[in-house]
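What follows is a set of notes on a single structure, which appears directly below.
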Amino acid sequence: GAVVSQHPSWVICKSGTSVKIECRSLDFQATTMFWYRQFPKQSLMLMATSNEGSKATYEQGVEKDKFLINHASLTLSTLTVTSAHPEDSSFYICSASRLISSYNEQFFGPGTRLTVL
Amino acid sequence: KNEVEQSPQNLTAQEGEFITINCSYSVGISALHWLQQHPGGGIVSLFMLSSGKKKHGRLIATINIQEKHSSLHITASHPRDSAVYICAVKELTNKLIFGTGTLLAVQP
């Protein structure tokens with residue numbers, strides 16, 4: 001099956017620093033990658049959608065200058081949390097979409113737990 | 001009212017029991033996903049279906065498009081099935097809308 005990896009799986013950083021999270025589709029080329037955020041005991045919230053070589057589309061209320069998304073290739077997307085603050089502490093999940101029989105199926109990464117001190 | 005509703009929110013079962021988790025939605029969809037999230041956080045896609053029924057091992061998923069309803073069944077439940085089960089629908093705009101999840105605990 002299709003595998004999506006994320007790195008790192010967890011990160012602890014100081015307030016004010018920037019953190020980069022990588023999302024890779026390991027055995028397929030992803031037409032689109034998605035970034036989600038999940039707070040404890042809540043469901044996933046879509047942050048942005050990114051296509052290779054173009055600017056990401058951010059959901060309402062998500063600051064594009066705060067959460068920088070780069071989609072450099074069909075197998076790699078990165079999310080950079082800039083000037084992180086404790087309220088940015090969350091579980092970040094990416095997913096990658098692949099076209100299967102005219103349907104875009106999404107495969108999820110294992111997530112990255114960010115803790116900002 | 002959420003566009004995707006799951007029930008129950010919490011479910012405790014004894015090992016071996018037959019389990020059903022329900023999902024109702026109010027939007028037009030192209031497909032529905034059932035996902036499993038373990039305490040570590042990683043999400044595994046169990047099923048993607050747009051009609052009828054699918055079976056994988058002890059898991060069965062059904063969908064009724066007319067009634068906008070889907071069910072996930074687990075037969076002969078086991079403690080390792082303990083996880084959060086999430087229903088997500090793919091809107092006609094291609095966005096995924098997630099339910100709030102059902103926390104399942106299977107006791108030995």
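Chain letters run A, B, ... following the sequence lines, proteins first and then strands; every chain starts at 1. Below, each value reflects all heavy atoms present in this structure, side chains not excepted, and no hydrogens, waters or symmetry copies.
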Should [X] and [Y] be regarded as members of a common hydrophobic cluster, given that ILVMFWY residues are connected when their side-chain heavy atoms come within less than 4.5 Å of each other, either directly or indirectly?
X: B:F98; Y: A:M47; answer: no
X: B:I29; Y: B:I21; answer: yes
X: B:M48; Y: B:L59; answer: no
X: A:L46; Y: A:I21; answer: no
X: B:L72; Y: B:L49; answer: yes

Are [X] and [Y] packed together at the side-chain level, in the sense that at least one heavy-atom pair is separated by less than 4.5 angstrom?
X: B:V44; Y: A:F108; value: no
X: A:Q106; Y: B:L96; value: yes
X: B:K95; Y: A:F34; value: no

### Query
Side chain, backbone, both or neither: which part of A:Q38 has an atom under 4.5 Å from a heavy atom of chain B?
side chain

### Query
So what's closer than 4.5 Å to chain B heavy atoms on A:I93: side chain, backbone, both or neither?
side chain

### Whether over 12 other heavy atoms sit under 6.0 Å from B:E15 CD
yes

### Query
Crowded around B:E67 CD? As in, over 12 foreign heavy atoms under 6.0 Å?
no

### Query
Is a donor on one side and an acceptor on the other found under 3.5 Å between the side chain of A:S43 and the backbone of B:G99?
yes

Side chain / backbone / both / neither for [X] at chain A, heavy atoms under 4.5 Å:
X: B:I86; result: side chain
X: B:H38; result: neither
X: B:L35; result: side chain

## Note on the structure
Taken to the nearest 0.5 Å, the spacing of A:Y36 OH from B:I43 CD1 works out to 9.0 Å

